[in-house]
2 protein chains.
Amino acid sequence: MLTERQRLILSAIVDDYIRSAEPVGSRSISKKSGVGYSPATIRNEMADLEELGYLEQPHTSAGRIPSAKGYRYYVDHLLRLGEVDEEDLRTVREFFSRKMTRMEQIIQHAATILANLTNYTSIVLGPEVFSNSLKAFQLVPLNEQMAVAIIVTNTGHVENRTISIPPGFDMNEFEKIVAILNAKLVGVPLHKLQTKLYTEVSEELNRYVNHCEMIIDALAQALEQRTEHRAFTSGTSNMLSQPEFRDVNKVKSILEWLDETPALVRSFSPKQEGIQVRIGSENADEALQNCSLITATYVVDGTTVGTIGLLGPMRMDYAKAITLMDILSKNLSVMLARCYN
Amino acid sequence: MLTERQRLILSAIVDDYIRSAEPVGSRSISKKSGVGYSPATIRNEMADLEELGYLEQPHTSAGRIPSAKGYRYYVDHLLRLGEVDEEDLRTVREFFSRKMTRMEQIIQHAATILANLTNYTSIVLGPEVFSNSLKAFQLVPLNEQMAVAIIVTNTGHVENRTISIPPGFDMNEFEKIVAILNAKLVGVPLHKLQTKLYTEVSEELNRYVNHCEMIIDALAQALEQRTEHRAFTSGTSNMLSQPEFRDVNKVKSILEWLDETPALVRSFSPKQEGIQVRIGSENADEALQNCSLITATYVVDGTTVGTIGLLGPMRMDYAKAITLMDILSKNLSVMLARCYN
DNA sequence: GTTAGCACTCGACGACCGAGAGTGCTAACC
DNA sequence: GGTTAGCACTCTCGGTCGTCGAGTGCTAAC
């Protein structure tokens with residue numbers, strides 16, 4: 001358990017380091033208003049804090065920097081949330097008052113704004129539609145061999161696949177198929193569609209439509225390819241502005257990680273509700289050992305449909321980042337609810 | 001006009017520099033098989049080539065490096081195309097034999113492969129659907145206030161917008177609207193849809209459906225937001241592997257450029273058919289002065305639907321890049337034709 | 001026209017040095 | 001006993017200097 005003074009000093013060091021990115025010395029802490037101790041006293045406390053693992057020293061005779069544990073303590077106990085820049089708030093409001101008609105567009109735009117306001121890199125995953133349920137089904141023939149199958153989900157998401165039409169198939173049967181599928185499958189979660197196709201629909205369909213096995217197969221196969229998660233990043237170049245990443249090799253692995261959708265998905269997957277902060281080594285991924293990742297989920301129609309993330313150096317402005325993400329994810333949920341619910 | 005020997009030397013220098021990224025000296029050229037001249041002779045020629053603007057010298061007593069003009073000459077006259085690594089070819093073939101059901105997925109995958117094989121950064125624009133024509137139109141109500149309008153184009157692309165339903169509107173009218181719109185608008189290019197909605201459809205629709213003005217307005221408004229070009233990049237981190245970009249500041253502006261879709265679109269817009277190489281200052285964009293951008297277009301149903309680009313340092317392996325892009329864009333067109341035509 | 005020889009140039013690299021920032025320890029102070 | 005002034009010590013950073021090597025340009029010989 002830290003004493004009040006230790007907390008004060010730790011807090012001051014983290015604040016300072018977040019601002020300056022340079023090791024913080026005892027003198028500069030001592031000079032701060034609100035701290036009534038001499039450098040020597042501060043030094044003693046700093047030595048203690050280092051021993052406890054909250055601080056680190058790049059080398060003898062440099063100041064201290066917070067360790068991952070230090071940041072964690074800061075985030076858990078010392079953070080003062082809630083003060084948002086008026087200007088930033090205006091930007092966010094302006095964004096949410098705009099009219100947009102595509103869900104993806106809304107979310108990606110939100111991510112861009114997040115990246116711009118924080119100067120970190122934002123990542124959007126989803127929308128995850130696999131747990132949605134079917135709202136409507138449609139088949140549009142393109143020509144004699146090909147048709148587009150369209151699926152609309154309860155959250156207003158539209159998914160489409162190209163399927164090939166068996167030769168000799170009567171195009172007029174399409175309407176029947178669509179009608180039957182809609183009658184049977186609306187309301188069914190997408191991840192159950194495939195099995196339902198074979199168990200419940202197949203038989204019925206066979207009764208009315210000839211040669212429909214191949215259509216069912218094609219549909220099932222198209223569903224097989226569950227939409228791999230889509231990832232969208234914004235503000236990648238912001239990473240390069242961070243002084244800790246002035247060395248190309250340090251950023252490289254991070255950019256590689258950002259480039260690789262599966263890796264992103266893996267890191268995001270334990271989708272706890274709400275805001276989550278992972279600091280340095282709390283990230284499983286090797287590439288993120290020097291980074292912090294803040295994630296927040298957004299909700300449509302009661303289900304969590306996607307995750308929005310913010311990646312920065314460990315020395316992140318947690319207060320600003322967290323409040324902004326909180327505002328953004330809540331507004332996002334509200335806006336999406338207004339559009340799709 | 002260059003002499004045969006000058007061409008030989010220029011070619012050797014470019015080849016060497018592409019490989020090593022270091023200024024090329026007269027000695028190393030002289031030692032190459034196929035070059036039967038002493039370093040001194042080479043030096044004289046190099047001095048001439050520099051005077052003509054094809055070579056540059058980072059400083060006295062360093063070797064020469066090709067200038068933008070030198071690369072241009074190399075690409076236009078000296079390039080030997082057509083030799084592709086067997087391994088690479090296998091990767092490409094394997095890719096095109098795979099079965100994929102989403103157009104975007106196919107294209108993005110192709111871009112990823114391109115980036116992996118070349119170690120440069122690939123960019124995909126499109127598919128550009130604005131010049132497509134309408135194949136089918138569909139309206140799916142989500143609830144009392146919202147509906148999804150779905151547009152399928154002749155190239156199999158599916159576009160969707162959320163529109164709000166005027167209060168008191170009879171849901172059963174939807175079918176009529178859809179029928180009329182399909183009857184009137186199928187075959188019309190997307191960019192003419194908006195005007196046609198008002199000129200030809202509005203009247204007819206009014207005759208059969210009550211309160212449909214607001215629906216038309218909503219549709220027109222949704223179409224207003226022509227889908228901004230979508231950009232997809234892959235292999236961003238490859239930029240950091242290039243020795244010329246070991247300095248963070250040099251890459252930063254490039255990454256910013258890559259992050260900004262409108263800038264990408266601007267650079268790509270003069271969409272000439274086929275493969276195009278823009279070297280260094282031939283790129284209008286400030287950020288690309290030290291880069292080369294190779295672009296290729298792909299085609300579905302006779303119209304150019306999108307562009308695929310490859311961004312690397314000026315010191316690019318043009319031969320490999322161009323042949324690969326050629327193969328890829330042609331295969332892509334064939335594959336898309338098979339899927340959507 | 002081509003090439004050997006040679007003086008010259010310039011950047012890269014390592015060694016060295018002083019300045020500055022910050023520490024840890026000790027002893028004095030309240 | 002907690003706090004603080006003083007001081008020796010440590011370590012990095014930036015600048016200077018000299019050496020090394022690669023490569024050039026010029027001249028003279030072939």
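Proteins get letters first, then strands, A, B, ... in listed order; numbering begins at 1 in each. Side-chain atoms are counted along with the backbone in the values below, which use heavy atoms only and exclude waters and symmetry mates.
Look at CD1 on B:Ile42: it is 10 Å from P on C:dT2, rounded to the nearest Å. Note: CZ (B:Arg43) to C1' (C:dC8) measures 13 Å, nearest angstrom. Note: CD (B:Glu22) to P (C:dG11) measures 16 Å, nearest angstrom. Here C:dT9 presents its P atom at 14 Å from CD of B:Gln57, a figure rounded to the nearest Å. Rounded to a whole Å, the CD1 atom of B:Ile29 is 18 Å from the C1' atom of C:dT2.
With sequence neighbours left out, A:Gln6 forms a side-chain contact (heavy atoms from CB on, under 4.5 Å) with A:Leu2, A:Thr3, A:Glu45, A:Asp48, A:Leu49, A:Leu52. Every residue meeting the side-chain contact (heavy atoms from CB on, under 4.5 Å) condition with B:Glu83, not counting sequence neighbours, appears here in chain and number order: B:Arg80. For A:Gln57, the side chain to side chain donor-acceptor pair (under 3.5 Å) criterion is met by no residue, not counting sequence neighbours. B:Phe95 meets the ring-ring contact (aromatic ring centres under 6.0 Å, His included) test with B:His109; sequence neighbours excluded. Not a single salt bridge (charged side-chain N to carboxylate O under 4.0 Å, His left out) links A:Glu286 to another residue, sequence neighbours left out. For B:Ser61, the side-chain contact (heavy atoms from CB on, under 4.5 Å) criterion is met by B:His59, not counting sequence neighbours. Applying the side chain to side chain donor-acceptor pair (under 3.5 Å) test to A:Ser122 and every residue at least two apart in sequence or in another chain returns nothing. Among residues two or more places apart in sequence or in another chain, the side-chain contact (heavy atoms from CB on, under 4.5 Å) test is passed with A:Ala263 by A:Trp257, A:Glu260, A:Arg266, A:Asp285.
Interface limits on DNA chain D: the 5'-most and 3'-most nucleotides within less than 4.0 Å of chain B heavy atoms are D:dA22 to D:dC26.
Relative ring orientation between B:Tyr73 and B:Tyr54 is described as perpendicular, the plane-to-plane angle rising above 60° on a 0-90° scale split at 30° and 60°.
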Please set out all donor-acceptor pairs under 3.5 angstrom arising from side-chain atoms of residues 21-30 of chain A, sequence neighbours excluded.
| unit_1 | atom_1 | unit_2 | atom_2 | d |
| --- | --- | --- | --- | --- |
| A:Ser26 | OG | A:Arg43 | NH1 | 3.2 |
| A:Ser28 | OG | A:Gly25 | O | 3.0 |
| A:Ser30 | OG | A:Tyr37 | O | 2.8 |

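Across its full length, the helix from C:dG1-D:dC30 to C:dC30-D:dG1 shows an angle of 20° between the axes of its 5 terminal pairs at either end, rounded to 10 degrees.
DNA chain C is contacted by both A:Asn44 and B:Pro39; B:Pro39 maps to the nucleotide lying nearer its 5′ end (nearest heavy atom per residue).
Residues from residues 58-65 of chain A that place a heavy atom under 4.0 Å from any atom of DNA chain D, listed by number: A:His59, A:Thr60, A:Ser61.
We find that B:Asp88 and B:Lys320 are joined by a salt bridge, their nearest charged nitrogen and carboxylate oxygen being less than 4.0 Å apart.
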